[in-house]
Number of protein chains: 2
Amino acid sequence: MKTTIKDVAKLANVSISTISRVMNSPEIVAPEKRQRVLEAIEQLRYHPNALARGLIFKKTKTIGVLVPDVSNAYYAEAIRGMEDAAREMGHNIILSNTDKNKKRLGDSLQVMAEKRVDGLIFMSEPVSSEDYELLRATGLPLVLAATHSLEYDIPSIKVNDEQAAYDGAVYLIGQGHRRIAMISGRPADTVAGLPRLQGFLRALRDAGLELDVERCVAYGDYRFEHGYEAMKRLHRSYPELTAVFAMSDEMGLGALSYLHEVGVKIPAEVSVLGFDNTRMASMAIPPLTTVGQPIARIGYGAVQKLLKVLDGEACELRTELAHELVVRDSVIALISQQ
Amino acid sequence: MKTTIKDVAKLANVSISTISRVMNSPEIVAPEKRQRVLEAIEQLRYHPNALARGLIFKKTKTIGVLVPDVSNAYYAEAIRGMEDAAREMGHNIILSNTDKNKKRLGDSLQVMAEKRVDGLIFMSEPVSSEDYELLRATGLPLVLAATHSLEYDIPSIKVNDEQAAYDGAVYLIGQGHRRIAMISGRPADTVAGLPRLQGFLRALRDAGLELDVERCVAYGDYRFEHGYEAMKRLHRSYPELTAVFAMSDEMGLGALSYLHEVGVKIPAEVSVLGFDNTRMASMAIPPLTTVGQPIARIGYGAVQKLLKVLDGEACELRTELAHELVVRDSVIALISQQ
DNA sequence: CTGAAAGCGCTTACAG
DNA sequence: CTGAAAGCGCTTACAG
């Protein structure tokens, strides 16, 4: 069916060894012969079978990517970065959605192990001990993207979540806000939820601001609907707030929607600050000011890092990428208070 | 390194043939032996090497997916559907972003051919003749998702774009709108741009409405910024409009943003209708009424279809999935005109 | 410089 | 029921 090395050998009238040589170390074969082989390859549109090569080299140049859900804007953008890096390094990506479900994760891992991917990138919230066991059982090199592990020594790449939330809160305070509420991730999420909450609280403390966590913090799982509900709750429990810091753009948009619904002007009456800087932040009304993560670069960096460990190169265990405040129109300066 | 069939054979004290048999047709091997082998497999956590099997079966159970850009919400959702279907059928997906760039497409295709993916799914706007040549040169089975080809007989799955646009326009008209503008895709895009424009025009014609295409239709490439600019243009060229039909949710959001900026109330003064029903439609302010495509199901159906052609099963050439009007809050009924 | 041979990890007729 | 052998498509020492 597909043309094989034998077909080329026959056409060029040499042994298959020679064909293999012109493909792998051309300089070692006689010029005229090399030329003849090249022509045969061209003529037959010969493409070496990567399965056969993989069997020999024990490398497939493909990496397995595990994310909760591609259809989420954040993960989609990270995957874009991964594919770009993979492509540049001559690799491919096999994508798997885990839905944060052990069974799905286990199944994917099993198949990836059988297909002999060179390594794994795991992207999600905290690496639970079950996740870790599953991951480790494959024996495959692993890099964490947008998450990390404090219990296990797994290379990872992410933003400094505590500091990012701190900086976001400081910005709000600098704009004159004193009554600030937070739409937080779950404190049980020790990778993003808890540290961001801590960063937020540290900023308020440093500014000498009091804050009743019960009244001023609502929780959600980073999704639009949660942001909407959380905002509704805060609007009642903390009606005097002048600013809300949401820990994802989606939750920020949810807050925007709720406030708009009840007729609160943004940012005139309430300022909203988001987190992530996904593309939707700029599509909000008003365009959402947000603490930006370099999402695609996290993905890009994750595969770079994985390829380094595959090459046995040294690399730092936990890479930290810089976040950046992206100022748009959803936060207003409270001049009156200055 | 990795444990192989030989290790298992040694441990179970049988030949490798027997190991292979218990993995592929267990009923054919003696019960006690089978048991012994199963234990050895378990104990060594043996996973057969998919490369070796692929070499023999000439099947890799992986399919290559080519999309313009995963980070686009529409494609991300389709990919989700594809992965779900692939997983259910025991397949994997190798993802590649083409950026609608011949070079990238060619490179991806080359690698996918070498890795011997079982088939290809191509998702994008029209299949150009160069695209087609590239695709065909791989010799791999192909299915088109959210696009089709009228020149070539390639199995495809999509919505009826002309009818969907027609139905959207009819809805607007039914709500009492008479002065309707359109933010269209490019007419050069013969898969979505042109047919939707035609469907829109047909609806107005059927309703006996006059429309000056020059003044009332603006064009864009489905992105937010284009929707924004197009709306700005329409606002000047056709100030008396009461409704705008945007051919993507992103462009709809762009229109919303522009109108909000210039103080036009939505939907009180202008109604906006989107297309696609991506998740962001529900996150808009106001929530966007839109002509919905079953995006994930298009992806799901595309791999189902591909697997059918791989199995040599018969399947229709062009599958059409139903669209559906999703009513939210961005379109108002013009009572006064009824 | 080049061919024959062994081997990568599996499967499957072919003989027993 | 089961083992030895050939073969999937390649690569690479090993001899010339």
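Below, read A as the first sequence line, B as the second, and so on, with proteins coming before strands; counting in each chain starts at 1.
- Taking the P atom of each, D/dA6 and D/dT2 are spaced 22 Å apart, rounded to whole Å.
- A donor and an acceptor atom, one from each side chain of A/S96 and A/R104, are nowhere located under 3.5 Å apart.
- One can place CD of B/Q35 at 17 Å from C1' of D/dC1, the figure rounded to the nearest angstrom.
- Here A/D131 does not pair with A/K100 in a salt bridge; the nearest charged N to carboxylate O distance is not below 4.0 Å.
- A/S71 and A/D69 share a side-chain donor-acceptor pair at under 3.5 Å.
- Looking at B/R53, its side chain never comes within 3.5 Å of a backbone N or O of B/P48 through a donor-acceptor pair.
- Evaluation of the ring pair (Phe, Tyr, Trp, His ring centres under 6.0 Å) rule for B/Y46 yields no partner, not counting sequence neighbours.
- OP1 or OP2 of C/dT2 sits under 4.0 Å from a side-chain N or O of A/K33.
- Remark: the separation of the P atoms in D/dA5 and D/dC1 is 23 Å, to the nearest Å.
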*Any chance you could encode DNA chain D as dot-bracket? Rule is Watson-Crick or G-U wobble with both distances under 3.5 Å; [ ] for pairs crossing earlier ones, | for another strand.*
|||.||||||||.|||
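- The P atoms of C/dA13 and C/dG9 are separated by 23 Å, rounded to the nearest whole Å.
- Legend: residues meeting side chain to side chain contact (heavy atoms under 4.5 Å, CB included) with B/K305, ordered by chain and number and at least two apart, are B/V143, B/P155, B/C315, B/E316, B/T319.
- Applying the ring-ring contact (aromatic ring centres under 6.0 Å, His included) test to pairs two or more places apart or on separate chains, those with a residue in residues 119-147 of chain B are B/Y132-B/Y152.
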*Report, as a single string ordered 5' to 3', how protein heavy atoms within less than 4.0 Å touch nucleotides 9-16 of chain D: B base, S sugar-phosphate only, - not at all.*
BBBBB---
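- Note on residues 83-120 of chain A: no pairs pass ring-ring contact (aromatic ring centres under 6.0 Å, His included), not counting sequence neighbours.
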